[in-house]
*Asks:* 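This is the structure, below, for whatever I ask next.
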Amino acid sequence: METLLNRVGPAVLLVHSAGGGSGFAVAQTVPDLVERIVAVEPVGAPTDPQTVADMGGDAAFMGVYGDYVAERGQTSRKAATQTTADLAGDTNSASTLLSLPDEGISGNTHLMMQDDNNGEIADRIITWIGD
């Protein structure tokens with residue numbers, strides 16, 4: 001990812017699930033090349049204030065979570081992602097956690113990009129990126 005970012009220049013970094021750890025590490029390595037970070041139900045969301053501050057510099061962070069978090073044993077991962085969003089919000093107020101059920105978007109699995117309402121979810125993410 002670092003090589004790609006060095007080639008294409010600043011970009012929005014979107015990671016999913018186990019790709020979170022790699023994405024967060026890259027955001028710390030080349031923060032000037034990360035404009036925004038979107039993390040869909042990520043593994044490894046950092047909760048240390050300095051790590052978050054180093055990750056993407058002042059890049060806005062969005063965590064995205066679907067339904068059935070407790071049933072899937074993902075409550076601690078979601079809590080860590082919320083902490084990342086809160087800490088990133090200290091330097092960029094656009095940082096947020098998009099909890100789809102709280103927004104009235106329900107029925108989503110961990111692979112929400114394959115769910116029937118994936119277009120609605122993509123629209124929310126794209127709108128946030130553009131703001």
Side-chain angles (χ1 to χ4, degrees):
M1 281 192 285
E2 183 179 343
T3 301
L4 179 61
L5 284 172
N6 279 312
R7 185 177 338 148
V8 301
V12 174
L13 184 62
L14 188 145
V15 297
H16 174 253
S17 194
S22 299
F24 300 137
V26 166
Q28 291 173 43
T29 304
V30 289
D32 54 319
L33 297 178
V34 177
E35 293 179 340
R36 287 185 174 232
I37 301 167
V38 179
V40 180
E41 298 198 356
V43 171
T47 57
D48 174 69
Q50 188 60 54
T51 301
V52 174
D54 292 344
M55 185 182 70
D58 63 353
F61 173 87
M62 173 189 259
V64 182
Y65 266 85
D67 291 318
Y68 316 112
V69 172
E71 293 85 349
R72 294 186 283 118
Q74 303 298 312
T75 53
S76 62
R77 280 175 42 181
K78 184 177 180 184
T81 304
Q82 179 67 65
T83 299
T84 304
D86 293 343
L87 291 169
D90 291 343
T91 57
N92 193 313
S93 62
S95 298
T96 189
L97 177 76
L98 174 61
S99 177
L100 298 174
D102 294 346
E103 297 290 319
I105 303 172
S106 61
N108 293 104
T109 67
H110 182 63
L111 296 174
M112 60 189 71
M113 61 288 293
Q114 296 177 356
D115 292 339
D116 290 339
N117 61 353
N118 60 18
E120 184 176 6
I121 298 165
D123 287 344
R124 296 282 179 108
I125 294 169
I126 291 167
T127 297
W128 177 81
I129 290 170
D131 286 345

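These figures come from a predicted structure and were not determined experimentally.
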*Asks:* Closest heavy-atom contact between G66 and V69?
*Replies:* O-CG2, 3.4 Å

*Asks:* Do V52 and V12 share a hydrophobic cluster (ILVMFWY, side-chain heavy atoms under 4.5 Å, transitive)?
*Replies:*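 No, V52 and V12 fall in different hydrophobic clusters.
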
*Asks:* Okay, side chain of S106, backbone of P101: is any donor-acceptor separation there less than 3.5 Å?
*Replies:* no

*Asks:* Can you tell if the side chain of L97 reaches within under 4.5 Å of the side chain of K78, non-hydrogen atoms only?
*Replies:* yes

*Asks:* Taking the side chain as C-beta and beyond, is there a heavy-atom pair between L87 and F61 under 4.5 Å?
*Replies:* no

*Asks:* Determine whether D115 and T109 satisfy the following criterion, side chain to side chain donor-acceptor pair (under 3.5 Å), listing intermediate values before the conclusion.
*Replies:* CA-CA 7 Å; D115 292 339; T109 67; 3.0 Å; yes

*Asks:* Quick one: closest heavy-atom pair of M1 and G23, and the distance?
*Replies:* CE-N, 3.4 Å

*Asks:* Any pair with a residue in residues 68-95 that passes ring pair (Phe, Tyr, Trp, His ring centres under 6.0 Å), sequence neighbours left out, goes on the list, sorted by first then second residue, please.
*Replies:* none

*Asks:* If I compare all heavy atoms of R77 with all of E41, which pair ends up nearest, and what's the gap?
*Replies:*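 Of all heavy-atom pairs spanning R77 and E41, the closest is NH2-O, 2.7 Å.
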
*Asks:* Whether the side chain of D48 engages the backbone of T51 through a donor-acceptor N/O pair (distance < 3.5 Å, no angle test) should be reported.
*Replies:*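 Yes: the side chain of D48 pairs with the backbone of T51.
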
*Asks:* Can you name the residues that form a salt bridge (charged side-chain N to carboxylate O under 4.0 Å, His left out) with E103, not counting sequence neighbours?
*Replies:* R124

*Asks:* Is there a path from M55 to L13 through hydrophobic residues (I, L, V, M, F, W, Y) whose side chains come within less than 4.5 Å of each other?
*Replies:*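 Yes, because M55 and L13 connect within a single hydrophobic cluster, where side-chain heavy atoms sit under 4.5 Å apart.
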
*Asks:* Contact between P42 and T81 at the side-chain level, heavy atoms closer than 4.5 Å - yes or no?
*Replies:* yes

*Asks:* Determine yes or no for a side-chain-to-main-chain donor-acceptor pair under 3.5 angstrom, with E2 supplying the side chain and V30 the backbone.
*Replies:*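 No: the side chain of E2 does not pair with the backbone of V30.
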
*Asks:* Please name the pair of heavy atoms, one in S95 and one in A60, separated by the smallest distance, quoted to 0.1 Å.
*Replies:*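 Scanning both residues completely, I find the closest heavy atoms to be OG-CA, 3.6 Å.
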
*Asks:* State, yes or no, whether a side-chain contact exists between S99 and Q82 at a heavy-atom distance under 4.5 Å.
*Replies:* no

*Asks:* Q114 vs N118, test: side chain to side chain donor-acceptor pair (under 3.5 Å). Steps then yes/no.
*Replies:* CA-CA 6 Å; Q114 296 177 356; N118 60 18; over 6 Å; no

*Asks:* Tell me whether M62 is reachable from M112 by hopping between hydrophobic residues (I, L, V, M, F, W, Y) whose side-chain heavy atoms are closer than 4.5 Å.
*Replies:* yes

*Asks:* L98, I105: one ILVMFWY side-chain cluster at the under-4.5 Å cut-off?
*Replies:*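 Hydrophobic grouping puts L98 with I105.
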
*Asks:* Checking the side chain of D58 only, and the main-chain atoms of T91 only, is there a donor and an acceptor separated by less than 3.5 Å?
*Replies:*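 No: the side chain of D58 does not pair with the backbone of T91.
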
*Asks:* Quick one: CG on D123 to CD on E120, what's the gap to the nearest 0.5 Å?
*Replies:* 7.5 Å

*Asks:* N6 versus L33: any side-chain heavy-atom pair under 4.5 Å?
*Replies:* yes

*Asks:* Give the C-alpha distance, both sets of side-chain angles, the deciding distance and a yes or no for side-chain contact (heavy atoms from CB on, under 4.5 Å) between H16 and V64.
*Replies:* CA-CA 9 Å; H16 174 253; V64 182; over 6 Å; no

*Asks:* Are V15 and V34 joined in one hydrophobic group, where the rule is that I, L, V, M, F, W and Y side chains link up if heavy atoms are under 4.5 Å apart?
*Replies:*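 Yes, same cluster.
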
*Asks:* What is the minimum heavy-atom distance between V38 and W128, and which atoms define it?
*Replies:* CG2-CZ3, 3.7 Å

*Asks:* Within the structure provided, determine whether Q74 and H110 are in side-chain contact (heavy-atom separation under 4.5 Å).
*Replies:* no

*Asks:* Minimum heavy-atom separation for R36 to I129, with atom names?
*Replies:*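 Heavy atoms of R36 and I129 come nearest at NE-O, 3.7 Å.
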
*Asks:* Taking the side chain as every heavy atom from C-beta outward, state whether I121 and M113 have any pair of such atoms under 4.5 Å apart.
*Replies:*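 No, every pair of side-chain atoms sits at 4.5 Å or beyond.
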
